[in-house]
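Position 1 is the first residue of the sequence; numbering continues from there. Scope of the values below: all heavy atoms of this structure, side chains included, with no hydrogens, waters or symmetry mates. Atoms within a ligand are numbered from 1 in the order they appear, just like the ligands themselves. This is a predicted model, so every value here is computed, not measured.
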Amino acid sequence: FSGPYNEMYRPQIHFSPAEHWMNDPNGLVYYDGEYHLFYQYYPEKSVWGPMHWGHAVSRDLMHWEHLPIALAPDSLGYIFSGSAVVDWENTSGLGTKENPPLLAFFTYHNPDAEQAKKTTVESQALAYSTDRGRTWTKYAGNPILPNPGDARDFRDPKVFWHKASSRWIVSLACGDEIRFYASPDCKSWTYLSSFGRDRGGHGGVWECPDLFQLPVAGTDETKWVLIVNINPGGPAGGSATQYFVGDFDGKTFTSPQRETLWMDHGADNYAGVTWSEAPDGRRILIGWMNNWLYAGDKPCVTWSGAMTLPRELGLVPGPDGKGYLLTSTPVRELDGLRGETVMLKGLQVDGTLDLTKRIPFVRSALDLRLTFDLAAAKGSLATRYGVRLSNSKGEHIDIGYDRNRQAFYIDRTHAGSKALPVKEFAAVHTAPFVVKGQTVDWRLVIDRASVEFFAAGGRVSMTDVFYPSELFRTVELFTEKGSIHADGEVTQLQSVWNPS
Ligand code: FRU
């Protein structure tokens, strides 16, 4: 890489482009030992512009090697979001069975059609590579799926091989519904069905869908999960990711779910989709650690945007055995970055407990794990408790649980967003969740200007970024109106960009 990767807010264990603007992850595919990460990229400036697909590869989902831009705009338009697959059987005829082609599906967004206020701004296209993704050729027959004329927003194709019907399926975001199409060869597509007008959140445009199967933990059941990103209309304002659990019969996705479920209740996890072909049957998602509410206003000059940590997804039965919940946990490869660990044993907190002095590596990225034992609190149990990150300027961010509201929360109102003019930035984000039982596990991954919070076995996840005027280097536990007991450990995570 070329950048110093040491600017004030530069993430040390997350992917960010060396320079200039990045948004959605694209073309996530694992092939020949490499995880490919393409991304929405504007190589000229640190603001959104004519979209390209930037490209990086990794063998461990943590250390990334930057590769040249994979796809650049042409006369058909900008290169918007999409996906990639390995065409093992060479159904497309664009490679051979011995050397199966990688196929990338993307949306052409045509700025001229947009200016002319046409509805046919967006269409789907194909590109292929026969050299392990190093160079890409756009298919001569593009677009492979022209705009039907009834959807101004018609984008973000996510393709997978559907075994039971031996054909390719694409999920496509069209206004505020998802449409499914099928193809034998990835070149010609037939409309199958639509989902979603009567389900889920509709406070914005539906974008970046993903459809996949997951086993339900502790059962022998397997369900289909449909991920739908939406902007705006998210629970923390602006953009967010909702999901539906149901069945897919090769033609139609159905779900009995009536509730709107959110994958992440923080403000900064958007456009997340999953890798195709990830080994060991894992379903791994990565999101853009940002929000369209203020993405363009961020105080990062040389670059803009980072990805979340890659997360392994799972399904568990919902509360009281009703429905299902999608769980997220950082992939195990994160453990490969572990440096020193400090054990935190028998912490009794009544007010505040400063942990900073116990953490000699507090300037590094941190993996903080805590188990709160609600029965072991001395005296009355706190109404609110959690972790505060702060600096010497009095700026802070709180990650807590509110027992009265029965919700986890991240309070960003005092995080010092002076550099960020958008008033929506300074807010409290909540994740309603009833803690049952005596203990509850927390995990916080902190990387300079972001926190990723996971609780209750990944049933709760919240991702927030912050831009204090001085980085947060103080770590405290706090309680309100009572006390709490916790055990845990904090581990140093070594920078993937600046190895010490
Ligand atoms: C989501 C999104 C996609 C689109 C891309 C454009 O963040 O709006 O729907 O393809 O970004 O950069």
Going through the checks in order, is the salt bridge (Lys or Arg N to Asp or Glu O under 4.0 Å) test met by Asp150 and Arg179?
CA-CA 12 Å; Asp150 68 339; Arg179 291 185 194 167; 3.0 Å; yes
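We find that Asp264 and Arg311 are joined by a salt bridge, their nearest charged nitrogen and carboxylate oxygen being less than 4.0 Å apart.
For Asp280, the salt bridge (charged side-chain N to carboxylate O under 4.0 Å, His left out) test picks out Arg332, with sequence neighbours left out.
Ring pair Phe248/Phe253: centre-to-centre distance not below 6.0 Å. In this structure, the ring of Phe212 has its center no less than 6.0 angstrom from the ring center of Trp224.
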Nitrogen or oxygen contacts under 3.5 Å, ligand 1 side and protein side:
from     : atom 1 : to     : atom 2 : distance (Å)
ligand 1 : 7 (O)  : Asp24  : OD1    : 2.7
ligand 1 : 7 (O)  : Asp24  : OD2    : 3.3
ligand 1 : 7 (O)  : Trp292 : NE1    : 2.8
ligand 1 : 8 (O)  : Glu207 : OE1    : 3.4
ligand 1 : 8 (O)  : Glu207 : OE2    : 2.9
ligand 1 : 9 (O)  : Arg155 : NE     : 2.7
ligand 1 : 9 (O)  : Asp156 : OD1    : 3.4
ligand 1 : 9 (O)  : Asp156 : OD2    : 2.6
ligand 1 : 9 (O)  : Glu207 : OE2    : 3.2
ligand 1 : 10 (O) : Ser81  : N      : 3.1
ligand 1 : 10 (O) : Asp156 : OD1    : 2.6
ligand 1 : 11 (O) : Asn23  : ND2    : 3.3
ligand 1 : 11 (O) : Asp24  : OD2    : 3.2
ligand 1 : 12 (O) : Asn23  : ND2    : 3.1
ligand 1 : 12 (O) : Gln40  : OE1    : 2.7
ligand 1 : 12 (O) : Trp48  : NE1    : 3.1

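No donor-acceptor distance shorter than 3.5 angstrom exists from the side chain of Gln124 to the backbone of Val170, with no hydrogens or angles considered.
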